[in-house]
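Computed from heavy atoms alone, side chains included, the values below leave out hydrogens, waters and symmetry copies.
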Amino acid sequence: MGVQQQLFSSHPLEIVFILDMGQEIVFGIEPLVFWGWFFLVLYVGVMLSFGFVGMSRVKGSDDFATARGGYGPLFLAFAMTATAASGATFLGLPGLAYTAGMPVLFYSLVYPLGVYTGVLVCLHAIRRAGANFGSRSMPEYIGDRFDSNALRILAALFSMLLLFYLAGQLLAGAVMFTQMLGLDTLMALCVTAVVLMFYVAMGGAHADILTDGVQGALMLVLACVVMTMFLTGTQIEGGFSGMIERLNELDPALTSVLHPTHPLFNSWWDIFAIFAAHLPLGLLPHIGNKLWALKSNRDQRRFITLAFVFGLILPAITAGGILARALLGDELLAEGSNPNQAIPALFIAVLPAWAAAMISAGILAAVMSTADGIVVSIAQIFANDIFRRSIAPRWMKKSEPEHIDRIGLFIGRIATVLVLLVAIAIAWSTRDKNVALLVWIGIGGMMAATAAPMFLGVLWRRATRVGALCGFLAGGATFIILHSSILKDTTLDQLFFGLSWLISQGPNPFACATLGAFTSIAVMTLISLFTTPPSEDHLQRVFGN
């Protein structure tokens, strides 16, 4: 059993393996392709059935957007963990690990610590304020917290950056469909989007949570399988120690504590930046909205504990990228290939066709579990933040609430289709980029901007509307300026001490997001101290007694 020969096409995602798995052609089809289609049809059937179940539970636009109070702590923990993990975890992180080796394990450890620390800090306050104000999206919650329509609209518009996040998930799905089904990249992107479009448009947040809960459990099993393969050095002579020796032969930096030349893992600052940058991740619109789906406030501690434990297990998939590097050598670094393929290539190399296809369905679950939540969240920008909260109060004052609700529900479903079409275009134009880094183009700016309004809004009663608005703009602008490297070839680094170091952080999205978040917090704190504090009545609604 093993890979006899590899044929690389001219496109980075189109890699075809000719296999010797001791299996005959099945119905005239290569075994891998046959089993890939078999498990895809099974998977799609299950997901669409959840879409119909979700549709039966939708009672209105609020239910479509939040599934408020609909699920218990265990199932919702599976769903939230799956949404937070994403295709970036299951394909992007192994791709980075294939390239940089052991130092990437720091990423897999500290990022869930950051995510669930942020959720733990804000969970209770966001649920309470969201219930009091009836918030259906995180931009709406931020606007309600500071009693600011301008901040709500700004946060909603900034949430459009999540299209890059969604594009990253579609690209990850395309990698799986290309490898397992023999589709070309554009067709694979379209298949991924169509599956999402049907079950999300039908069931909204209910379909999102139902599918994510099941997918989360499947992903946990897959992560444990990959970690076992890594610890035993599957298919490598000498097991784990043999794997380490092989990595040292390829490049000693692959087994170092920090990677001396990789811009994301060459200092302890980079590791801290990964932790800090992920603190607001659990509060992004597609993840944070699940906090409102928890049935009872009594279940909050159990929910966050389960989500935290599951969140620490899922990134174990990263180790598969290191094992793939030891098994495949530098093949995925060659012209016409892509390290994003590390995990599917690993399965193809060491497992029978049916098992590789079945396990790859777990990776597809990781992709879909995040993508569906993003689609719902971006669609709510149009249905809720723009239509229900901005257009309807001004131009539909005489309309019945039920009529407005029906229109909002219709807009949410139409927006689902349009959002996916735009995301396909972005994914196609950025198909050569690492999935994890593509995702961070979208979420880095969003997290830098929302860090101060979200955390100070929960922890500090003195935080003001003007301060939040200024902090939001300062954080977002800092990320964009640093990550775009527009200051790179200027003389500013000679005029201002330390600016050259800031410019050097441009390729690292985690450092840019962290610096943006620090800027956001500093600006909001300063401005809030010199502007009018919110009224006691408003603070009562936000914080309670």
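- Rounding to the nearest 0.5 Å places CG of L418 at 7.0 Å from CD1 of I414.
- Remark: F387 CZ to I407 CD1 distance equals 4.5 Å, nearest 0.5 Å.
- For the pair R302 (side chain) and P73 (backbone), a donor-acceptor distance under 3.5 Å is absent.
- Note: F265 and H262 have tilted aromatic rings, judged against thresholds of 30 and 60 degrees for the angle between ring planes.
- Between F78 and F310, the ring-plane angle classifies as parallel under the 30° and 60° cut-offs.
- Between I443 and L161 there is no side-chain heavy-atom pair separated by less than 4.5 Å.
- The CG atom of L42 sits 7.5 Å away from atom CZ of F39, with the distance rounded to the nearest 0.5 Å.
- Taking the side chain as every heavy atom from C-beta outward, P509 and L264 approach each other to under 4.5 Å.
- The existence of a salt bridge linking R325 and D251 is excluded, since no basic side-chain nitrogen approaches an acidic carboxylate oxygen closer than 4.0 Å.
- One finds the CZ atom of F240 at 10.5 Å from the CG atom of L323 (value rounded to the nearest 0.5 Å).
- Rounding to the nearest 0.5 Å gives a distance of 12.0 Å between CE of M219 and CD1 of I313.
- With Y98 as reference, L333 is the one residue of I322, L254, L93, L333 to meet the side-chain contact (heavy atoms from CB on, under 4.5 Å) rule.
- Counting only heavy atoms from C-beta outward, the side chains of F347 and L222 approach each other to under 4.5 Å.
- Counting heavy atoms from C-beta on, the side chains of L166 and L420 come closer than 4.5 Å.
- Contact between S108 and P315 at its shortest, heavy atoms only, is O-CB, 3.2 Å.
- The shortest heavy-atom contact between I236 and A326 is CD1-CB, 3.5 Å.
- When all heavy atoms of A277 and A513 are compared, the pair lying nearest together is CB-CB, 3.9 Å.
- Looking only at distances, a side-chain donor or acceptor of T99 sits under 3.5 Å from a matching main-chain atom of G95.
- Looking only at side-chain heavy atoms (C-beta outward), I244 and M102 come within less than 4.5 Å of each other.
- Looking at heavy atoms from C-beta onward, V115 lies in side-chain contact with Y111 at the 4.5 angstrom threshold.
- Side-chain atoms of Y107 and H278, non-hydrogen and from C-beta on, do get closer than 4.5 Å to each other.
- Taking the ring centroids of F275 and F510, they lie at or beyond the 6.0 Å cut-off.
- Rounding to the nearest 0.5 Å places CG of L113 at 5.5 Å from CG of L312.
- Nearest heavy atoms, L332 versus A345: CD1-CB, 4.3 Å.
- The minimum heavy-atom distance linking I426 with A167 is given by the pair CG2-CB, 3.5 Å.
- Here the shortest heavy-atom pairing between A316 and M227 reads CB-CE, 3.6 Å.
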